[in-house]
Amino acid sequence: MARLVMKFGGTSVADIDRIRNVARHVKREVDAGFEVAVVVSAMSGKTNELVAWTRAAAPMHDAREYDTVVASGEQVTSGLLAICLQEIGVNARSWQGWQIPILTDGAHGAARIMEIDGSRLVERMAQGQVAVIAGFQGLAPDNRIATLGRGGSDTSAVAIAAAIGAVRCDIYTDVDGVYTTDPRIVPKARRLDRVSHEEMLEMASLGAKVLQVRSVELAMVHGVRTFVRSSFDDPADPRLADASNPPGTLICDEDEIVEKQVVTGIAYSKDEAQISLREVADKPGVAAAVFVPLAEANINVDMIVQNVSEDGTTTDMTFTVPTADFARAMKVLEAARESIGYVSIQGSGDLVKVSVIGIGMRSHAGVAASAFKALAGKGINIRAIPPSEIKISILIDSAYTELAVRTLHSLYGLDAA
Ligand code: ADP
Ligand code: ASP
Ligand code: MG
């Protein structure tokens, strides 16, 4: 019999009624003949609350104890869903990460899955038992619980689908698929029927939080068919029973997409800060002098742009860091002023990165030029633009986020009729 993974996010399991609704979706697939493994998130808002508690207890807390606390939200929902399934006559059992086990590396708080032994799950599923798995967690080499970073249940689901050889991994969430941009800020956003792995990876990395980045990477590497769909559909809706064409978005290989668009979607990510180093001596090793101290301070650098001066002796370097790390990054760079050798440093917080994504850009010139023209026409000042093959990212002041996303969405013909 075919195996299926069904993942339900926080809003889908936000209270007991919604968990009951999830149980009915699961029963529908069991009745359709699938052996089902379910992956659940914590109730929406729960993980934020748990994170806040660890910060209140101590701002600089032990990452292993952070994991002990924040992994608990998924333990609750896995047990509750198993109970609700049993209530409607479905044989079900909950599993925590350590019971499977899902083995991770030792990076507590942002661990990566290293290995999943799916044999016990497969055995129980073959006996007709639905496995209800706590997402977001695994077992680190120190034999302690590890969590996978925020939004990590998507990754748990795709990794389990790969480990048990599932025919598909259905990601149930509060929207009925992947849209051309975040439907919460652009009401005219359209649902996409299919998105290539590569585009989805860019969209997720650039701020579309509908799927965790790592889950898309795993789906791409292991060839897991991932399908994003809504948990708010009525489980009895006959359209859902038609397995050949349920409503949602399939993340698939590029060659499965017949009509390739130049631009597939627009993403945005807040909390970017910009730092510019002026008149840096243009000599070998200078990039290392700038970026090594930042890396050592655990600060992620993004969007690096360099402008060499006309005489070629100095360059201006501009890059972004997360807003939360802005003050620290400025301090690190001021301390390294002598070894880098720059004349002045400037910084500004509260920026937004807006990105235009599409595989068709590879073969289409002029996509970037039209974006700049459209934004300039709305009086939006562009601060930095690093190049890439299938995306353009533009840094702007955060006050213009919605205007910029809507302008670009219309410009590339993405608005729903
Ligand atoms: P879950 O709790 O189910 O994991 P998330 O909140 O993590 O759900 O992700 C779903 C949300 O992602 C949606 O409510 C939507 O606002 C947001 N989102 C951002 N960009 C997109 C997009 N391009 N398509 C669909 N949803 C998007
Ligand atoms: N509950 C975790 C979070 O909020 C994991 C997830 O929902 O995917 O980040
Ligand atoms: Mg999520």
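In each ligand, atom 1 is the first atom listed, and ligand 1 is the first ligand listed.
- Judged by the shortest distance from any of its heavy atoms, Gly10 lies outside the 4.0 Å radius around the atoms of ligand 2.
- The distance criterion of under 3.5 Å between nitrogen or oxygen atoms is not met by Gly149 with respect to ligand 2.
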**OP:** Could you please spell out the steps behind the side-chain contact (heavy atoms from CB on, under 4.5 Å) verdict for Met317 and Phe291?
**Re:** CA-CA 11 Å; Met317 286 177 101; Phe291 298 122; 3.7 Å; yes
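- The ligand atoms of ligand 2 that sit less than 4.0 angstrom from a heavy atom of Ser41 are 6 (C), 7 (O), 8 (O).
- At the shortest separation from atom 6 (C) of ligand 2 among protein heavy atoms lies Ser153 OG, 3.3 Å.
- Below 30°, between 30° and 60°, or above 60°: for His25 and Phe8 the angle between ring planes is between 30° and 60°, a tilted geometry.
- Checked by atom type, the side-chain pair Gln96/Ser78 shows a donor-acceptor distance below 3.5 Å.
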**OP:** Let me see the working for His409 and Asp415 under side-chain contact (heavy atoms from CB on, under 4.5 Å), right down to the final yes or no.
**Re:** CA-CA 6 Å; His409 198 264; Asp415 287 353; 2.5 Å; yes
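- Crowding of Arg55 atom CZ: a count of heavy atoms from other residues, nucleotides or ligands under 6.0 Å not exceeding 12.
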**OP:** Under the salt bridge (charged side-chain N to carboxylate O under 4.0 Å, His left out) rule, what do Arg64 and Asp62 come out as? Steps first, then yes or no, please.
**Re:** CA-CA 6 Å; Arg64 288 159 295 197; Asp62 184 322; 3.1 Å; yes
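- Partner Thr147 forms a side chain to side chain donor-acceptor pair (under 3.5 Å) with one of Asp67, Thr104, Thr68 and no other, that one being Asp67.
- The closest approach between Gly151 and ligand 2 falls below 4.0 Å for a heavy atom of the residue.
- Among the atoms of Arg150, some N or O lies under 3.5 angstrom from an N or O of ligand 2.
- Looking at Glu74 against ligand 2, only its side chain comes within 4.0 Å, counting heavy atoms.
- Looking at every heavy atom in both residues, His197 comes nearest to Asp253 through ND1-OD1, 3.1 Å.
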I'd like the atom pairs linking ligand 1 to the protein - N or O on both sides, separation under 3.5 Å - with distances to 0.1 Å.
| from | atom 1 | to | atom 2 | distance (Å) |
| --- | --- | --- | --- | --- |
| ligand 1 | 2 (O) | Gly10 | N | 3.1 |
| ligand 1 | 3 (O) | Thr173 | OG1 | 2.7 |
| ligand 1 | 4 (O) | Lys7 | NZ | 3.2 |
| ligand 1 | 6 (O) | Lys209 | NZ | 3.3 |
| ligand 1 | 8 (O) | Thr173 | OG1 | 3.1 |
| ligand 1 | 14 (O) | Asp174 | OD1 | 2.8 |
| ligand 1 | 14 (O) | Asp174 | OD2 | 3.3 |
| ligand 1 | 14 (O) | Arg184 | NE | 3.4 |
| ligand 1 | 14 (O) | Arg184 | NH2 | 2.6 |
| ligand 1 | 16 (O) | Asp182 | OD1 | 2.9 |
| ligand 1 | 16 (O) | Arg184 | NE | 2.9 |
| ligand 1 | 23 (N) | Tyr179 | O | 3.0 |
| ligand 1 | 24 (N) | Tyr179 | N | 2.9 |

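- If you check the side chains of Arg150 and Asn48, you find a donor sitting under 3.5 Å from an acceptor.
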